[in-house]
Amino acid sequence: GAGVSQSPRYKVAKRGQDVALRCDPISGHVSLFWYQQALGQGPEFLTYFQNEAQLDKSGLPSDRFFAERPEGSVSTLKIQRTQQEDSAVYLCASSSGPSYGYTFGSGTRLTVV
Amino acid sequence: GIQVEQSPPDLILQEGANSTLRCNFSDSVNNLQWFHQNPWGQLINLFYIPSGTKQNGRLSATTVATERYSLLYISSSQTTDSGVYFCAVEDLTGGGNKLTFGTGTQLKVEL
């Protein structure tokens, strides 16, 4: 597609509920990234894929967070047993490679109540 | 990890004014990008600039890698330039895969 598409745009979850956030990167982009942005702060790295391989997941805050990209295109970030501290905007970005700029999606704003 | 500091934290300009935003980083980098986050939350990549100078319309950026800083110049500012400007870097130990963002400069351009 023309840009990075994320869905849903907004998600309200009850504490303890599981959620799944979707990212559809720019067609042909090898690299895909997930970032978490808390209110008033800069985005923080969660995880990185090169094609279908998850090469870095050092930023995932706990084992409740899981990401996949099974066919090397669409990616899903799953959060199990959501907690209030998980409330944030989750941003997905894609890139042609390490020497190119990132294109970010519009993000999913998750609110855990 | 690498530290990224941006200044000023907040800036108010009259339309038509020029400004310079600064990004200092604590270690050598192989990736530096400037982003604009508009009031609706969309992050737009402005420049990929690990070194040197680039220009795009009213915006230009310069990175002096040996002195560990980058500057973003905005000329003839417009109200649509309002938002938060982020500098993001990756140090040399990475593979272009993990950007560390600064805390941003909040810019408001008034009529």
Side-chain angles (χ1 to χ4, degrees), chain A residues 2-6 8-11 23 25-26 29-51 53-60 67 69 75 88-111, chain B residues 1-7 9-10 21 23-25 29-52 54 56 59 61 63 65 70 72 83-107:
Chain A
V4 177
S5 177
Q6 290 189 247
R9 187 75 174 90
Y10 301 94
K11 176 69 179 177
C23 173
I26 292 175
H29 275 194
V30 170
S31 302
L32 185 145
F33 312 85
W34 284 98
Y35 282 77
Q36 180 190 59
Q37 186 174 23
L39 189 64
Q41 299 184 17
E44 292 191 353
F45 172 84
L46 293 177
T47 188
Y48 159 68
F49 289 87
Q50 182 173 317
N51 295 307
Q54 188 176 21
L55 299 185
D56 189 339
K57 55 181 181 179
S58 62
L60 296 177
R69 193 185 185 197
S75 176
V89 175
Y90 290 86
L91 295 162
C92 176
S94 69
S95 172
S96 299
S99 299
Y100 296 88
Y102 291 13
T103 300
F104 276 88
S106 298
T108 294
R109 181 177 296 279
L110 173 65
T111 303
Chain B
I2 192 167
Q3 303 299 311
V4 185
E5 294 183 354
Q6 291 186 242
S7 60
D10 299 280
L21 280 56
C23 171
N24 292 329
F25 41 95
V29 299
N30 62 5
N31 186 345
L32 187 147
Q33 302 184 37
W34 281 98
F35 295 90
H36 174 222
Q37 190 163 42
N38 65 25
W40 297 270
Q42 179 70 51
L43 267 169
I44 305 296
N45 186 287
L46 300 175
F47 295 103
Y48 169 82
I49 187 166
S51 63
K54 290 185 178 179
N56 184 1
L59 303 181
T63 297
S70 183
L72 178 68
V84 183
Y85 289 81
F86 288 106
C87 168
V89 305
E90 181 173 15
D91 62 36
L92 293 181
T93 61
N97 307 326
K98 184 189 301 185
L99 290 178
T100 297
F101 282 73
T103 51
T105 293
Q106 176 85 52
L107 173 64

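Given the structure is predicted, the values throughout are model-derived calculations rather than measurements. Lettering of chains follows the sequences in order, A, B, ..., and the numbering in each one begins at 1.
- Contact between Trp40(B) and Arg9(A) at its shortest, heavy atoms only, is O-NH2, 3.4 Å.
- For chain B, the nearby part of Gln37(A) is the side chain; its heavy atoms alone come within less than 4.5 Å.
- Ranked by heavy-atom pairs shorter than 4.5 Å toward chain B, the options Ser31(A), Ser95(A), Gly107(A), Gly105(A) are led by Gly105(A).
- Of all the heavy atoms in Ser106(A) and Gln42(B), the pair that sits closest is OG-OE1, 2.7 Å.
- Atom-to-atom distance recorded for Gln33(B):CD and Tyr100(A):OH is 13.0 Å, nearest 0.5 angstrom.
- In this structure, Gly101(A) and Asn45(B) approach most closely via the heavy-atom pair CA-ND2, 3.6 Å.
- Using a 4.5 Å cut-off between heavy atoms, Phe47(B) makes no contact with chain A at all.
- Contact of Leu46(A) with chain B is not made at all, since no heavy-atom distance falls under 4.5 Å.
- Between the OH atom in Tyr102(A) and the CG atom in Asn31(B) there is a gap of 6.0 Å [rounded to 0.5 Å].
- Looking at Ser58(A), the atoms closer than 4.5 Å to chain B (heavy atoms on both sides) all sit in the side chain, from C-beta outward.
- Residue Gln6(B): no heavy atom, backbone or side chain, is found under 4.5 Å from chain A.
- A donor-acceptor pair under 3.5 Å is absent between the side-chain atoms of Glu44(A) and the main chain of Phe101(B), judged by distance alone.
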